[in-house]
Amino acid sequence: MSKIRTRFAPSPTGKMHVGNLRTALYEYLIAKHENGTFVLRIEDTDQERFVPEALDIIYNTMKLTGLNHDEGPDKDGGYGPYVQSERMKSGMYLKYAKELVEKGEAYYCFCTKERLENLRASSTTEDGKEIAKYDKHCLGLSKEEVEANLKAGVPYVIRQNNPESGTTTFHDAIYGDITVENEELDDMVLIKADGYPTYNFANVVDDHLMGITHVVRGNEYLSSAPKYNRLYEAFGWEVPEYVHCPIITDENHKKLAKRSGHASVEDLLEQGFLPETIVNFVALLGWSPSEDREIYSLKELEEVFDYHHISKSPAVFDITKAKWMNGEYIKAMDMESFLEYAIPIIREVVAKDYDLEKIAGLVKTRIEVFPDIKEKIDFFDELPEYDIAMYTHKKMKTDSENSLEVLKEMLPLLEAQEDYSIAGIEALCKEYIAKKELKNGRVLWPLRTAVSGKQMTPGGAYEIMEILGKEESLARIRKGIELLENA
RNA sequence: GGCUCCAUGGUCAAGCGGUUAAGACAUCGCCCUUUCACGGCGGUAACACGGGUUCAAAUCCCGUUGGAGUCACCA
C-alpha cells in the first residue's frame with residue numbers, strides 16, 4: 001500500500017471555522033496514524049474574497065493546535081508550489097482544462113452574466129426556489145465560432161460537459177456508494193473568466209498532482225462529489241479515498257455559523273478555551289474512539305484515530321460540554337502554565353498589591369474558562385456592598401445576632417494575632433471554636449461573609465484572610481460589626 | 001421545490017441480528033465540606049412512526065414523517 005498523503009486546503013478568506021479545523025485535524029490524524037504525510041495547500045483562487053491576514057490566521061492556528069504540516073508553502077516537499085495562485089502562473093490549470101475540451105469532456109462558454117441570470121430567472125418558480133442548471137447553450141457552438149470568439153477576445157469560461165443520461169456513482173468511506181442521475185449534474189465552471197480555476201477544478205487537479213490519497217471534507221460537499229468523479233474519470237486518474245464528515249451544527253441544528261458566537265477557533269480562544277481543548281473537543285464531534293474515554297491529547301489521538309469510526313449524522317457543537325472539557329484541562333494544568341493564563345486576567349480585576357499567585361491557586365479548580373475568574377475574585381480589591389441577610393445561614397445555624405457576637409469576640413483575638421498565614425488563622429479560629437464548643441460553620445461563615453461580602457467565594461475564610469492580610473481583614477470585620485449593629 | 005444525506009435520552013455518543021440499550025455533558029438528589037467549586041455515590045431521561053425479512057430487529061429491507069445539506073465565474 002502506498003504511503004498516505006493528506007492535505008488541508010483552506011482558502012484564506014477569514015477566520016478559521018471550527019468545521020475547517022476539524023477537517024484539518026482529521027486529515028492530520030489520518031496521515032499521522034499511518035506515518036503518512038500531511039500537506040498544507042493554500043487555495044486562493046478567489047481574488048475577491050482573499051484577505052491577506054487570513055494567511056496568518058491559518059499558520060497561527062495550525063501552530064497553536066499542533067497540526068504541523070510536513071509540506072506546504074513554507075516547506076517544500078517536491079510537490080510545490082503549494083499556493084494555487086502560484087501554480088496558476090504556469091498556466092497548468094488551463095492546460096488541463098483544454099485537455100478536457102479536446103476530449104469532449106468540457107467546452108468553452110461565452111455566455112454573459114445577464115444571459116445566465118435570465119436563464120435562472122425564467123426557470124424559477126413563484127416562490128423563487130427552483131434553480132436550473134446551465135442549458136449547455138455554448139456546447140452547440142461550432143469549432144469555428146469558438147475560434148472566432150477566442151480570437152476576438154470574447155470573455156469565456158470553460159465548463160465541464162456532463163452527460164444528460166445515465167448515472168454516476170462515487171464511493172465515500174463513510175457514506176458508501178452514492179449514485180446520482182447525470183441529468184442532475186450541472187455543467188460547472190472549471191476555468192473562470194479571469195483565468196483562475198474554480199475551487200472544484202483546482203482541487204481535483206492539485207490533489208492528483210500532489211499524490212493525495214485521502215480527501216477529507218465536510219459533507220456540504222457531498223452533492224458536488226459526483227462531478228469530481230467525472231473529472232477524475234475524464235482524466236483517467238485514480239480517485240482518492242473520499243472521507244466526508246458530518247456537519248457541525250449550532251444548538252438549532254443548523255450549520256454552525258458566525259452568529260452562534262463560537263464558530264471559529266478565534267472565537268473560542270477569545271472566550272478562554274485552551275487550544276488543547278479545542279482540538280480534543282472538535283475531534284469528538286462526529287468521531288468516537290473505541291475505548292470509553294474522552295480526554296485525548298493530539299499525540300494520543302494520532303495513535304487511536306481510525307477514520308472508519310466517523311459517524312454520518314450531524315453533531316451539535318455543545319458549548320456547555322466544551323466548557324466542561326476546558327475545565328478538565330485547566331485542572332490538569334501545571335501551576336506554572338496556569339499562571340501564565342490566569343495572572344493577566346486577575347490583574348484586570350485586582351489592582352491592589354495582593355499575592356496574585358495565591359489568588360490564582362484558589363480559583364484553578366473552580367473555573368471552566370479563563371474569564372470565569374473575574375467575577376470570582378472581584379471582592380479582593382474592594383469589599384462589595386452586601387446585605388446583612390447574608391449572615392443568616394440555616395445549615396450553619398447562623399443569623400445576624402449570633403454572627404455579630406462571633407465577630408465581636410473574634411475581633412480582639414484577630415487584632416492580637418500576628419501570624420496571618422492560613423495555618424495561623426486556622427489555629428486561632430479552631431481554638432476559639434473549641435473553647436466555645438461551636439460548629440465550625442457557626443464562626444467561619446460570619447467571618448468569611450464579613451471578609452468577602454459574598455455568598456460564594458473561592459476558598460474559605462482562612463485563605464481569603466491570608467491574602468487580604470491583617471489590616472484589611474480587620475477593617476472588613478469591623479465594617480461587618482458596624483453593619484450588624486446598625487441593623 | 002429538485003437532488004443528496006441523516007434519524008439511539010436535551011446534547012455528544014457506544015451498539016453493527018440475541019445487551020438489564022454503555023459512557024460523557026447537562027439536569028436532579030445524597031455524601032464530603034466554613035459557602036461555592038472539586039471529589040464521591042445515586043436518580044430521571046433514548047432506539048421517530050408503520051410495514052416487512054427472521055425463531056429473534058435499535059441493528060437488514062421498504063414506506064411515512066421529521067431534520068439537515070446543496071442547487072454561483074464562493075470555497
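Every chain is numbered from 1 and lettered A, B, ... according to where its sequence line falls, protein lines coming before strand lines.
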Assess whether one donor atom and one acceptor atom, taken from the side chain of A:R366 and the base of B:C36, lie less than 3.5 Å apart. yes

Measure distances between side-chain N and O atoms of A:K439 and base N and O atoms of B:U33, and say whether any donor-acceptor pair falls under 3.5 Å. no

Who is the Watson-Crick or G-U wobble partner of [N], with both distances under 3.5 Å?
{"N": "B:C12", "value": "B:G23"}
{"N": "B:C38", "value": "none"}
{"N": "B:G17", "value": "none"}
{"N": "B:A48", "value": "B:U64"}

Nucleotide nearest [X] when distance is taken to its side chain, options [options]:
{"X": "A:A193", "options": "B:C73, B:A14, B:G23", "value": "B:C73"}
{"X": "A:K255", "options": "B:U34, B:A75, B:G69", "value": "B:G69"}
{"X": "A:Y462", "options": "B:U34, B:A75, B:A7", "value": "B:U34"}
{"X": "A:I247", "options": "B:C6, B:G69, B:U11", "value": "B:G69"}

Determine the Euclidean distance between corresponding C1' atoms of B:U19 and B:G2; express it in Å to zero decimal places. 43 Å

Which residue lies toward the 5' end of RNA chain B, A:K376 or A:T13, if each is placed at its nearest nucleotide?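 Of the two residues, A:K376 wins.
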
Specify the residue among A:E328 and A:L444 whose closest nucleotide of RNA chain B lies further upstream toward the 5′ end.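 With A:E328 and A:L444 compared, the 5'-side residue is A:L444.
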
Below 4.0 Å: OP1/OP2 of B:A26 and any side-chain N or O of A:T320: no

Within the structure, does a side-chain N or O atom of A:K254 lie under 4.0 Å from either OP1 or OP2 of B:A68? yes

Say whether, by atom type as modelled, one donor and one acceptor occur between the side chain of A:Y82 and the main chain of A:E86 under 3.5 angstrom.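 A pair under 3.5 Å: no.
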
Measure the distance from CE on A:M456 to P on B:U34 and round it to the nearest whole Å. 18 Å

